[in-house]
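Here's the structure, in structure tokens; my notes come after.
Here is the naming used below: chain letters follow the sequence lines, and residue numbers restart at 1 for every chain.
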Amino acid sequence: SAVISQKPSRDICQRGTSLTIQCQVDSQVTMMFWYRQQPGQSLTLIATANQGSEATYESGFVIDKFPISRPNLTFSTLTVSNMSPEDSSIYLCSAETGGTDTQYFGPGTRLTVL
Amino acid sequence: TQLLEQSPQFLSIQEGENLTVYCNSSSVFSSLQWYRQEPGEGPVLLVTVVTGGEVKKLKRLTFQFGDARKDSSLHITAAQPGDTGLYLCAGRFSGTYKYIFGTGTRLKVLA
């Protein structure tokens with residue numbers, strides 16, 4: 001298994017600013033994912049963070065708005081840029097070791113944009 | 001667009017009752033996971049199924065993967081208040097690396 005931590009756990013931000021969320025895994029993993037979740041609802045995949053290359057974004061999400069870094073096999077960041085109240089949500093990172101079909105999640109970052 | 005439909009969306013039952021949650025798609029999964037999520041926490045993996053017809057048990061929880069690998073079910077026997085939470089299925093479709101999450105089932109077990 002993998003243990004995943006996220007920072008910050010929550011934040012309240014002003015519109016127009018940016019927030020970077022950090023995701024740390026306690027072991028090397030091949031794939032890391034970033035999701036968004038509205039309270040009480042399901043998860044929507046934002047992008048897959050690839051080590052050594054650009055992230056792969058899902059439809060409706062763009063790099064300028066959600067830049068992602070993956071500098072090594074245990075760490076990734078997601079930035080929410082030029083925030084608006086519509087960006088208020090829970091942001092989750094997850095990790096999977098190669099070929100296991102097993103995905104482990106961090107505790108999430110609850111973001112409120114005023 | 002690949003979709004995972006879960007039913008029911010909401011479920012409120014009394015302690016001791018049994019329940020079943022369904023996860024359905026029109027596409028074939030290469031693997032499917034079930035998660036439970038509690039407020040303020042990330043989803044916690046309950047089980048992964050990969051073989052059509054597979055049945056896995058985790059204490060009072062029984063997971064079944066359809067023979068055609070297009071559907072799955074989660075059955076809880078003698079539900080307890082500690083089973084309360086959001087249950088999510090997530091499927092990985094053949095030829096892809098990403099997971100698609102189901103619409104979710106919010107379960108509340110009353111003491």
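Below 30°, between 30° and 60°, or above 60°: for F33(A) and Y97(B) the angle between ring planes is below 30°, a parallel geometry.
Between chain A and the options G42(B), G102(B), P43(B), heavy-atom pairs under 4.5 Å are most frequent for P43(B). Interface summary for chain B: among R10(A), Q41(A), Q103(A), R110(A), the most heavy-atom pairs under 4.5 angstrom belong to Q103(A). Chain B forms more heavy-atom pairs under 4.5 Å with one residue of G108(A), S9(A), G40(A) than with any other, namely G40(A). Listed options S30(B), G104(B), S31(B) were ranked by heavy-atom pairs under 4.5 angstrom with chain A; first place goes to S31(B). Ranked by heavy-atom pairs shorter than 4.5 Å toward chain A, the options R106(B), Q9(B), Q6(B) are led by R106(B).
Enclosure of atom CG in L58(B) by more than 12 non-hydrogen atoms of other residues, nucleotides or ligands within 6.0 angstrom is indicated. Annotation: E38(B), atom CD; neighbour count of heavy atoms from other residues, nucleotides and ligands within 6.0 Å is above 12.
Interatomic distance, OH of Y99(B) versus OH of Y35(A), reported as 7.5 Å (0.5 Å rounding). The distance from the CD atom of E41(B) to the CG atom of L92(A) is 11.5 Å, given to the nearest 0.5 Å.
Put simply, L107(B) and L4(B) are part of the same group of oily side chains (I, L, V, M, F, W, Y) that touch within less than 4.5 Å, one to the next. Both I90(A) and L45(B) are part of a single hydrophobic cluster, where members link through side-chain heavy atoms under 4.5 Å apart. When the side chains of ILVMFWY residues are joined at heavy-atom separations under 4.5 Å, either directly or via intervening members, W34(A) and M32(A) end up in two distinct hydrophobic clusters. If you chain together hydrophobic residues whose side chains sit under 4.5 Å apart, Y22(B) and F63(B) never meet in one group. The hydrophobic cluster containing L45(A) also contains L88(B), counting ILVMFWY residues as joined when their side-chain heavy atoms lie under 4.5 angstrom apart, directly or transitively.
Q37(B) touches chain A through its side chain: at least one heavy atom from C-beta onward sits under 4.5 Å away, while N, CA, C and O do not. Looking at V50(B), the atoms closer than 4.5 Å to chain A (heavy atoms on both sides) all sit in the side chain, from C-beta outward. For chain B, the nearby parts of T102(A) are the backbone and the side chain; heavy atoms of each come within less than 4.5 Å. Interface remark: Q6(A) contributes no atoms to any contact with chain B (heavy atom separation under 4.5 Å). The contact between L43(A) and chain B is made by backbone and side chain atoms together, counting heavy-atom distances below 4.5 Å.
Residues L86(B) and Q37(A) come closest through the heavy atom pair CD2-NE2, 3.8 Å. The two atoms that bring F101(B) and S42(A) nearest to each other are CB-OG, 3.5 Å, heavy atoms only.
A salt bridge is absent between K98(B) and E96(A): the closest approach of a Lys/Arg side-chain nitrogen to an acidic carboxylate oxygen does not fall below 4.0 angstrom.
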